[in-house]
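Numbering starts at 1 and runs along the sequence shown.
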Amino acid sequence: MTTEEMTAEQLSGVAGPSKVRWDYHPELPIEDVPVFVWPPRPLAALKYLVSRAYLLSVVLPFGLLAAITWAYLQPALTRCVDFEIGWIAQMYIRNLGLFALFVGGLHLYLYTFKLQGRALKFNPSELRRDDQRFFAQNQVWDNILWSSASGVTLWTGYEVLFIWAYANGMLPFYLDWREHPVWFVLMLLGIPFWDSFHFYFVHRFLHWKPLYRRVHSVHHRNESTGPWSGFSMHPVEHLIYLSSVLIHTVLASHPIHIFFHMQWNAIGAGTSHSGYESLTFRGKPVIFLSPFHHQLHHRLYNCNYGNSLVPVDKWFGSDHDGTPAAWVAVREHQRSRVSAARSGS
Ligand SMILES: [Zn+2]
Ligand SMILES: [Zn+2]
């Protein structure tokens with residue numbers, strides 16, 4: 001049975017609303033991010049940009065990590081004029097180390113030592129073991145393999161291309177952020193929004209049947225997701241997914257933007273698939289991790305291709321806000337697609 005057929009079946013009642021269980025979900029409908037909305041809500045947008053969910057959980061931690069990477073963990077540009085194994089290997093090992101530290105650390109914290117228990121965990125089911133679909137019959141080992149061998153390699157590949165191009169003066173860039181302080185900050189704030197827009201379209205393309213079967217199904221084997229699942233993808237998907245960074249070939253950027261962009265896409269995929277909405281401290285949510293919106297995509301496949309930052313799903317009618325009405329709307333939409341496909345065949 002193909003996934004498209006499976007989904008049609010799921011949506012026609014086999015796993016309909018009555019059978020859907022979550023241990024936790026946020027208040028429904030899922031709240032809109034008030035930035036790209038009509039009519040504009042400038043105050044609400046500003047409030048969101050400085051909120052716990054955005055400034056404290058995305059821009060500051062990933063901005064700090066990118067700044068540390070540039071200041072202390074990056075081979076000097078003068079070494080990067082020619083493609084040489086030394087500096088390239090150094091960048092790969094650094095990225096692998098950072099990925100293992102943050103994503104592996106989150107896995108240990110949430111799943112191995114269960115230091116947060118089940119607080120704010122969406123999915124009642126556990127990560128899969130003894131499942132033939134996964135390498136070594138183990139979801140976590142399978143996810144580690146795809147993330148490290150393919151993911152970190154292609155992430156490093158994109159960074160290497162930018163650093164090499166900067167070292168050779170081939171792209172618009174600057175090295176002193178004080179030259180363009182406003183632009184520097186605006187770009188940091190804007191990258192996740194650009195990614196959200198780009199993600200919708202490339203993700204929708206990845207759901208095109210031939211590409212889904214050969215490529216995107218690697219990611220979707222993760223029905224219940226953990227930190228290692230986020231960046232567990234087929235190499236073709238890594239190449240497509242990470243291509244949002246190519247925006248910096250036309251917009252003058254600082255190397256910190258490149259690291260921020262890539263780390264947000266790679267390590268951020270780990271946090272956004274952690275399976276827990278937030279990290280808590282003394283029972284209170286502190287760092288926002290995973291949107292429920294994407295949990296619905298892993299459960300249902302044919303909705304929520306993007307994320308809430310730029311609501312492209314809403315604009316194209318594929319949004320699922322978690323409410324019973326959305327279940328019905330998505331089911332109807334799916335039925336009409338299946339019957340259109342049948343009458344066309
Ligand atoms: Zn996913
Ligand atoms: Zn998908």
Side-chain angles (χ1 to χ4, degrees), residues 20-31 33 48 50-65 68 96-131 134 138-148 151 192 219-233 263-300 304 307-309 321-322:
V20 174
R21 297 279 179 267
W22 300 100
D23 272 0
Y24 165 81
H25 61 73
E27 214 169 294
L28 301 175
I30 297 168
E31 212 179 325
V33 170
Y48 179 80
V50 297
S51 66
R52 175 180 76 85
Y54 196 63
L55 188 69
L56 293 186
S57 301
V58 178
V59 181
L60 281 183
F62 283 92
L64 189 64
L65 181 61
I68 290 171
L96 193 61
L98 289 177
F99 197 77
L101 179 68
F102 290 102
V103 176
L106 200 56
H107 177 85
L108 289 175
Y109 185 85
L110 294 172
Y111 288 88
T112 308
F113 302 118
K114 301 182 192 305
L115 293 173
Q116 193 169 309
R118 301 188 70 82
L120 302 186
K121 184 177 189 302
F122 299 115
N123 212 315
S125 44
E126 297 301 325
L127 301 175
R128 306 288 301 168
R129 291 163 189 259
D130 303 318
D131 187 330
F134 295 104
N138 184 300
Q139 182 180 356
V140 175
W141 285 117
D142 177 277
N143 290 173
I144 290 173
L145 181 72
W146 287 102
S147 303
S148 311
H219 183 67
H220 268 287
R221 287 180 302 185
N222 301 292
E223 285 151 18
S224 187
T225 66
W228 285 104
S229 312
F231 205 40
S232 178
M233 301 171 184
Q263 290 167 351
W264 167 241
N265 270 281
I267 298 171
T271 60
S272 73
H273 286 72
S274 75
Y276 286 75
E277 189 182 61
S278 292
L279 270 184
T280 61
F281 181 69
R282 293 187 176 165
K284 295 244 182 314
V286 183
I287 303 275
F288 183 83
L289 295 173
S290 310
F292 183 58
H293 193 262
H294 194 64
Q295 290 289 313
L296 284 163
H297 178 73
H298 276 264
R299 183 76 70 92
L300 288 171
N304 297 3
N307 63 38
S308 306
L309 288 178
D321 61 12

If I compare all heavy atoms of Ser148 with all of Leu96, which pair ends up nearest, and what's the gap?
CB-CD1, 3.8 Å
Would you indicate whether the side-chain heavy atoms of Tyr54 and Leu309 approach each other to under 4.5 Å?
yes
Measure the CH2-CZ distance between Trp141 and Arg129 for me, rounded to the nearest 0.5 Å.
11.0 Å
Any donor and acceptor pair, going by atom type alone, linking the side chain of Gln295 with main-chain N or O of Asn123 inside 3.5 Å?
no
Residues two or more places apart in sequence or in another chain: which of them pass ring-ring contact (aromatic ring centres under 6.0 Å, His included) with Tyr109?
none
Please report the interatomic distance CG(Asn222) to NE2(His220), rounded to the nearest 0.5 Å.
9.5 Å
Just to verify, which of Tyr111, Trp228, Phe134 counts as forming a side chain to side chain contact (heavy atoms under 4.5 Å, CB included) with Val140?
Trp228
For Gly322 versus Leu28, what's the shortest heavy-atom pair and its separation?
O-CD1, 3.2 Å
Is a donor on one side and an acceptor on the other found under 3.5 Å between the side chain of Ser51 and the backbone of Tyr48?
yes
Is there a donor-acceptor pair under 3.5 Å between the side chain of Ser229 and the backbone N or O of Gly226?
yes
Output for pair (Asn138 CG, Arg128 CZ), nearest 0.5 Å, gives 11.0 Å
Distance in Å, Met233 CE paired with Asn143 CG, rounded so as to fall on 0.5 Å steps:
11.0 Å
Only counting residues at least two apart or in another chain, list the ones meeting salt bridge (charged side-chain N to carboxylate O under 4.0 Å, His left out) with Asp321.
none
Does any non-hydrogen side-chain atom of Thr271 lie less than 4.5 Å from one of Ile287?
no
List the atom pairs, with distances to 0.1 Å, where a side-chain N or O of residues 56-64 and a protein N or O form a donor-acceptor pair under 3.5 Å, not counting sequence neighbours.
residue	atom	partner	partner atom	Å
Ser57	OG	Arg52	O	2.6
Ser57	OG	Phe288	N	2.8

Is the closest side-chain heavy-atom distance between Leu110 and Ser274 below 4.5 Å?
yes
Enumerate the residue pairs fulfilling salt bridge (charged side-chain N to carboxylate O under 4.0 Å, His left out) with a member in residues 114-123, sequence neighbours excluded, ordered by first and then second residue.
Asp23-Arg118, Arg118-Glu126
Got Leu279 and Leu106 here, is their nearest side-chain heavy-atom distance under 4.5 Å?
yes
Where Pro291 and Ser272 come nearest, the two heavy atoms and their spacing
CD-O, 3.8 Å
Using only atom types and a distance under 3.5 Å, with no angle test, would you say the side chain of Ser290 pairs donor to acceptor with the backbone of Tyr276?
yes
Between Phe99 and Phe231, what is the ring plane arrangement, given parallel below 30°, perpendicular above 60°, and tilted in between?
tilted
His107 side chain reached by Leu127 side chain, heavy atoms, under 4.5 Å:
yes
For Leu65, enumerate each residue passing the side chain to side chain contact (heavy atoms under 4.5 Å, CB included) test, keeping only those at least two apart in sequence or located in another chain.
Thr69, Leu98, Phe102, Gln263, Ile267
Let me see the working for Arg221 and Asp142 under salt bridge (Lys or Arg N to Asp or Glu O under 4.0 Å), right down to the final yes or no.
CA-CA 10 Å; Arg221 287 180 302 185; Asp142 177 277; 3.2 Å; yes
Between atom CG of Asn307 and atom CD1 of Ile30, what is the distance when rounded to the nearest 0.5 Å?
11.0 Å
Please check this pair: side chain of Glu223 against backbone of Ser125, looking for a donor-acceptor N/O pair closer than 3.5 Å.
no
I'd like to check the ring-ring contact (aromatic ring centres under 6.0 Å, His included) partners of His273; sequence neighbours left out, ordered by chain and number.
His219, His294, His298
Which atoms form the tightest heavy-atom contact between Pro124 and Arg299, and what is the distance?
CD-NH2, 4.3 Å
